Number of protein chains: 2
Amino acid sequence: MPGIFDLQNFLPFRLSRLAHEVSQRMASTYSEKFDIDIPQWRVLATLSAKEPCTAQSVVSSTRTHKSTISRAVSSLTETGWIERAPSDEDGRERLLRLTTEGRRKFNELVPVVLAFEHSLYAAMDQESMQNLASGISALENVLEVGTNSAKSKKVVL
Amino acid sequence: MPGIFDLQNFLPFRLSRLAHEVSQRMASTYSEKFDIDIPQWRVLATLSAKEPCTAQSVVSSTRTHKSTISRAVSSLTETGWIERAPSDEDGRERLLRLTTEGRRKFNELVPVVLAFEHSLYAAMDQESMQNLASGISALENVLEVGTNSAKSKKVVL
DNA sequence: ATATTATGGTTGCAATCGAAACTATAAGTC
DNA sequence: GACTTATAGTTTCGATTGCAACCATAATAT
């Protein structure tokens, strides 16, 4: 007699559904004002913190497929939000930087997405919010996602 | 002076990355043995708990797009895992059921995915695991995802 | 120096997905 | 009963995605 399986309680399913819902809603908060998609957003956010930066670096810090990042970089370059410059150290690399315009737009975008994130937290009580953050961190560690400390550890050793 | 934005700490990003990673790994645990994808898996899991069941019911309980479910149902019907029967009550509906073969295969599949889920939990300490579960529940409630209680509430009123 | 292997990045291709249009049936309105 | 609106489900189409092949450059081995 096989036990019953409860999809509604199954972690991978719940995570996937939740992430999808959150992404959808977040995209809708800025898609009208700013014509960018999620991969583009990830490139901008990464560059905003660490500039200049290679596409490969964006790939590893966001864990997004390199072809996706490549296309996001191309389109952002076309629209003038970022610049690609050859690297002196390594001829294969291209150093990415936000343009003045790109940084200006990004600075407009940030408050919008932060407001969205805040609206999620605000609707939860403090304790649930901290539970979520710490639970996610724990799972990130298990999967060696997140801070690339895990990967670094391997590489360094 | 714009403050810096930390993508690595941004909830929507972390959730999306985590869900993607979990889905990928889970799929790899069964993709070799069983030739099904995630939408198909969701249909099977839903039917296993509530049979017979309409496609619409699978859509609302999994929050997966109806065209995706329609295609999953079609392919599962072709491979003989489920059956589609006309409904007496409503000519538009088709009642879905697992076939004997489908139920047998599903019963083989369940331990594999449960083992995967268990391996995640086993690698976390008890407290983090509960934090994660309760944090996810809280966010599900905020977004009115999960138990369709929220939707029901609206409808009932 | 040359051959081999590895890496950063781009692109072609096939699969997937979701929005919207469409079919068929049901429910509500006049 | 005819008309309008709503719902279940399918299909077409455009956009996005990831894999794999590819190009260019760099690092390593012989």
Side-chain angles (χ1 to χ4, degrees), chain A residues 16-17 19-21 23-25 27-28 31-32 35-43 46-47 50 52-78 82-97 151 155, chain B residues 16-17 19-21 23-25 27-28 31-32 35-43 46-47 50 52-78 82-97 148 151 154-155:
Chain A
S16 165
R17 185 179 53 180
H20 185 252
E21 187 72 20
S23 288
Q24 288 280 105
R25 297 205 189 194
S28 76
S31 64
E32 286 180 12
D35 187 27
I36 65 168
D37 58 25
I38 286 181
Q40 290 171 333
W41 154 251
R42 290 180 180 180
V43 170
T46 304
L47 289 186
K50 191 180 62 173
C53 178
T54 66
Q56 174 52 38
S57 174
V58 177
V59 165
S60 63
S61 80
T62 63
R63 293 210 153 210
T64 306
H65 198 276
K66 65 177 181 173
S67 60
T68 303
I69 295 300
S70 174
R71 285 186 270 254
V73 165
S74 292
S75 54
L76 287 170
T77 304
E78 280 162 23
I82 70 175
E83 284 175 334
R84 265 191 284 220
S87 163
D88 291 338
E89 297 172 2
D90 189 328
R92 295 166 300 182
E93 292 178 345
R94 323 263 241 123
L95 297 180
L96 307 175
R97 281 183 191 82
K151 197 170 186 180
V155 171
Chain B
S16 166
R17 185 180 53 181
H20 184 253
E21 187 73 21
S23 288
Q24 288 279 106
R25 297 204 189 194
S28 76
S31 64
E32 286 181 12
D35 187 28
I36 65 169
D37 59 23
I38 287 180
Q40 290 171 332
W41 154 251
R42 290 180 179 179
V43 170
T46 304
L47 289 187
K50 191 179 63 173
C53 178
T54 66
Q56 174 52 37
S57 174
V58 177
V59 165
S60 63
S61 79
T62 63
R63 293 211 153 207
T64 306
H65 197 279
K66 66 178 180 172
S67 59
T68 303
I69 295 299
S70 174
R71 286 185 271 253
V73 164
S74 292
S75 53
L76 286 171
T77 304
E78 281 161 24
I82 70 175
E83 284 174 334
R84 265 192 285 222
S87 163
D88 290 339
E89 296 172 4
D90 188 328
R92 295 167 299 181
E93 293 177 345
R94 321 263 239 123
L95 297 180
L96 307 175
R97 281 183 190 83
N148 38 13
K151 195 168 190 181
K154 281 182 196 160
V155 171

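Note that the structure is a prediction, hence the values are computed from the model and not measured. Below, chains carry the letters A, B, ... as their sequence lines are ordered, and counting in each starts from 1.
The line from CG of Leu95(A) to CD1 of Ile82(A) is 11.5 Å long, rounded to the nearest 0.5 Å. Once rounded to the nearest 0.5 Å, the distance linking CD of Glu93(B) with OG1 of Thr54(B) reads 5.5 Å.
Applying the side-chain hydrogen bond (donor to acceptor under 3.5 Å, both in side chains) criterion to Ser75(B), with sequence neighbours excluded, gives Gln40(B). Remark: Arg25(A) engages Glu21(A), Phe116(A), Leu143(B) in a side-chain contact (heavy atoms from CB on, under 4.5 Å) (not counting sequence neighbours). By the side-chain hydrogen bond (donor to acceptor under 3.5 Å, both in side chains) test, Thr46(A) pairs with no residue at all, sequence neighbours left out. By the side-chain contact (heavy atoms from CB on, under 4.5 Å) test, Ser16(A) pairs with Ser23(B), Arg42(B), sequence neighbours left out. Partners of Val59(A) by side-chain contact (heavy atoms from CB on, under 4.5 Å), not counting sequence neighbours, listed by chain and number: Gln56(A), Lys66(A), Ile69(A). Every residue was checked against the side-chain contact (heavy atoms from CB on, under 4.5 Å) condition with Ser70(B), not counting sequence neighbours, and none meets it. Qualifying salt bridge (charged side-chain N to carboxylate O under 4.0 Å, His left out) partners for Glu83(B), counting only residues two or more places apart in sequence or in other chains: none. Annotation: side-chain hydrogen bond (donor to acceptor under 3.5 Å, both in side chains) contacts of Asp90(B) (sequence neighbours excluded): Arg92(B). Not counting sequence neighbours, the partners of Arg71(A) by the side-chain hydrogen bond (donor to acceptor under 3.5 Å, both in side chains) test are Ser67(A).
Place Arg92(B) and Glu89(A) on DNA chain D by their nearest nucleotides, and Arg92(B) ends up nearer the 5' end. A residue-by-residue look at Gln24(A) and Arg84(A) shows that Arg84(A) has its nearest nucleotide of DNA chain C further toward the 5' end.
Atom CD of Gln56(A) is separated from atom C1' of dA26(D) by 14 Å (rounded to the nearest Å). Between Leu95(B) atom CG and dA8(D) atom C1' the separation is 12 Å, expressed in whole Å.
Backbone-only contact: Thr54(B) has heavy atoms under 4.0 Å from sugar-phosphate atoms and none from a base.
For the helix from dA1(C)-dT30(D) to dC30(C)-dG1(D), the angle separating the two terminal helix axes comes to 10°, with each axis derived from five pairs and the value rounded to 10°.
Taking every nucleotide of DNA chain C with any atom under 4.0 Å from a non-hydrogen atom of chain B, the first and last of them, 5' to 3', are dC17(C) to dA26(C).
Only His65(B), Ser67(B), Thr68(B), Arg71(B), listed by number, bring a heavy atom of residues 65-73 of chain B to less than 4.0 angstrom from any atom of DNA chain C.
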